[in-house]
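So that the names make sense, note that chain A is the first sequence line, chain B the second, and so on, each numbered from 1. Note that the structure is a prediction, hence the values are computed from the model and not measured.
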2 protein chains.
Amino acid sequence: MTSLSERQVSGNGSRPTMRQVAELAGVGVKTVSRVINGEPNVTAETAQRVLDAARALDYEPDLHAGNLRRADRRTRTLGLLVGSVDNPFAGAVHRAVEDAAAGRGVAVFASSLDDDPQREREAVSAFLRRRVDGLILTTATAKQTYLLPELRRGTPIVFVDREPSGIEADAVVSDNAGGAARAVEHLLSHGHRRLAYLGDLRGITTAHHRREGFLDAIRGGGIPAADVHVIEDLHDESSAREALLRLLDGPDAPTAVFSAQNLITIGALHALRDRGRHRDTALVGFDDIELADLLEPGVTVIAQHPEDLGRIAAERVFARLDGDASPAHRVVVGTTLIVRGSGEIPPRS
Amino acid sequence: MTSLSERQVSGNGSRPTMRQVAELAGVGVKTVSRVINGEPNVTAETAQRVLDAARALDYEPDLHAGNLRRADRRTRTLGLLVGSVDNPFAGAVHRAVEDAAAGRGVAVFASSLDDDPQREREAVSAFLRRRVDGLILTTATAKQTYLLPELRRGTPIVFVDREPSGIEADAVVSDNAGGAARAVEHLLSHGHRRLAYLGDLRGITTAHHRREGFLDAIRGGGIPAADVHVIEDLHDESSAREALLRLLDGPDAPTAVFSAQNLITIGALHALRDRGRHRDTALVGFDDIELADLLEPGVTVIAQHPEDLGRIAAERVFARLDGDASPAHRVVVGTTLIVRGSGEIPPRS
DNA sequence: ACTGTCGTTGACATCGTTGTCAATCGGGCG
DNA sequence: CGCCCGATTGACAACGATGTCAACGACAGT
């Protein structure tokens, strides 16, 4: 046990350097460098003396100092920008990126976007000033042309979840249009004709694609546009809840709802319960949610595969770092319809 | 639009340095440094020339190079170790830390622990080699004495969620024993006598405290220990589900269950549904879970306040960085009983 | 006109590490 | 015995930035 007051005395903030390890071991700094980095041509005995000294001083090399001089200029660090580290979807993406990175000794900076273009710019700038080796980005700006100089400089940039605009770079996204269409087809096949679409902020590319997929399938099903409510610019649980409440209380309430995002689905679930309509109004959500299987009825969803998005995005970054100079890849990860009950409710007659 | 093949040509990996900005602006490097860092004593005209040059070159200063020489030696970086960035509890902690850090221009490295002592050591080492200004740690090792040299060196270390052992450092934890006791009292007040405790790995300090709180309240309620099932070393949804299934299928099935952690609660919910016992077996979970209010019955929980844990932990780190040398703080964040139905089910007669 | 002061600026050393290169040493071989 | 070669080692410069300090010029006061 050591008291904190002690630490102020002894804790002169001094951290051992390679020079100090070298002095203690009675060798030159370069020899310490060789031992620490596992370079060849050091006798076993010398190496042991160096390791003992490093251990005794509790030495940890300064990665950034080394990086300054090292030829490859790699910080072994990645910048990850997601919607919010608090969102389960983002958490799964993050975890997959971390797992891919940890295996390579790469640490991950994570930042939350909150769909704020300014936060995006600031986060990217913070990443670049720290000289991350690569960027994995979910973006909120209309165009990401500001990243062009960085891309030309050779920094791997991979867009995840949302497609880039104004820049040709790797992207890993869900099949948003396809998944939304699948949801509509599922609802139509159960006899629904009066549908509602509850969507995210219009500026977001995924929201756009899901809306297009939804509308295409509606048209494909021969449903007149007038029978469909399209509500957009929802962004959180409460706005989605209120929007659906208004629909349910209105003149021609939908018999089936498609909620285009996890928080919107949760808001929709609340609205249906609020009006006691959860057993007679069909619901299909985009993106799976925890406990969806235990609700009554279970929540039918178009599940995304965020682990795959994160893993593949990280793999693209590392492939670029390993020298892959092929044209920009665009990887589309499929979605999966998970039938649990809410999507199979028939329309009220 | 720029093709990626082009980038390999022009992308010579060259990144502009302060020297290049200085040359373009026709000034010395130190003047550029002054402008970039907003130091005084530069004429407006010179400053503008420098800013123009920096803009033209898309210059971003190298924080780590500057840090090497700067007096304060601050990387404006924090290391955060949580159970898993994929877990909602950890996500909330993370988000709170990020919000506190972002306001100060500090970036956050996040790592997942997976309750693996070796991962803990590796993550901490990775943080230290990158010279983070402070550490916020959820730990899995039995003792964290290995951190003593670092603490003495003056690095702020704050333990979050789980208490430290063998080291006197700041800690921010939930009132685990109190929350668990509250759960038991709640169940006893509804007439239950045959209870079950479903707990996490025994080595985890929070699991220990929740178990002690549970048992203390059991004794306080005059319940014979023989009437209580204590199942430990559960760690994920499936192990919890199986454990509770065995209890439900056994001779004296509990009438009330206390699940000591969010994943265990979810596993317990599944087991109860599997046997159709969710309406006649009481359940109180530790840690709130998403959609708990929409289940039938709603899930009564002892809610933690992960945002507070994260925010306070970050504040402690920054207070230490700002010179606070007071003795180690131990902050206990209270829990909140949220009544939703499952905890108020009476015992089967 | 001279001196002192202050604002502006840049040369230089330096932070902790690694790349380069030369010095040293021991041993094998002619 | 002398030479060459490879293994081992350390001195030194350099990475990109900032702290120190001195030089310079303008200007006020005497």
B:R119 and A:E98 ion-paired at < 4.0 Å: yes
Inter-residue atom distance A:T205.OG1 - A:F159.CZ, 0.5 Å rounding: 10.5 Å
Presence of salt bridge, B:R70 and B:D72, under 4.0 angstrom: yes
N/O (side chain, B:T43) to phosphate O (OP1/OP2, C:dT9) under 4.0 Å: yes
Partner of B:T138 under side chain to side chain contact (heavy atoms under 4.5 Å, CB included), chosen from B:L113, B:L309, B:L80, B:I204: B:L113
Test item: A:H94 and B:S112 side chains (from C-beta on) under 4.5 Å apart, heavy atoms: no
Aromatic plane relationship, A:H64 with B:H64 - under 30° parallel, 30 to 60° tilted, over 60° perpendicular: parallel
Side-chain N,O (A:T31) to OP1/OP2 (D:dG10) below 4.0 Å: yes
Nucleotide-resolved protein contact map, nucleotides 14-25 of chain D, B/S/- at heavy-atom distance under 4.0 Å: BBBBBBB-----
B:D170 with B:R320: basic N within carboxylate O range, under 4.0 Å: yes
Cationic N near anionic O, under 4.0 Å, A:R15 to A:D62: no
Overall bend - the helix from C:dA1-D:dT30 to C:dG30-D:dC1, comparing terminal axes fitted on five pairs, nearest 10 degrees: 50°
Detail all sub-3.5 Å separations between protein N/O atoms and N/O atoms belonging to nucleotides 24-28 of chain C.
none

Between A:N67 and A:T75: side-chain donor-acceptor atoms closer than 3.5 Å: no
Shortest non-hydrogen contact between A:G105 and B:R130, atoms and distance: O-NH2, 3.2 Å
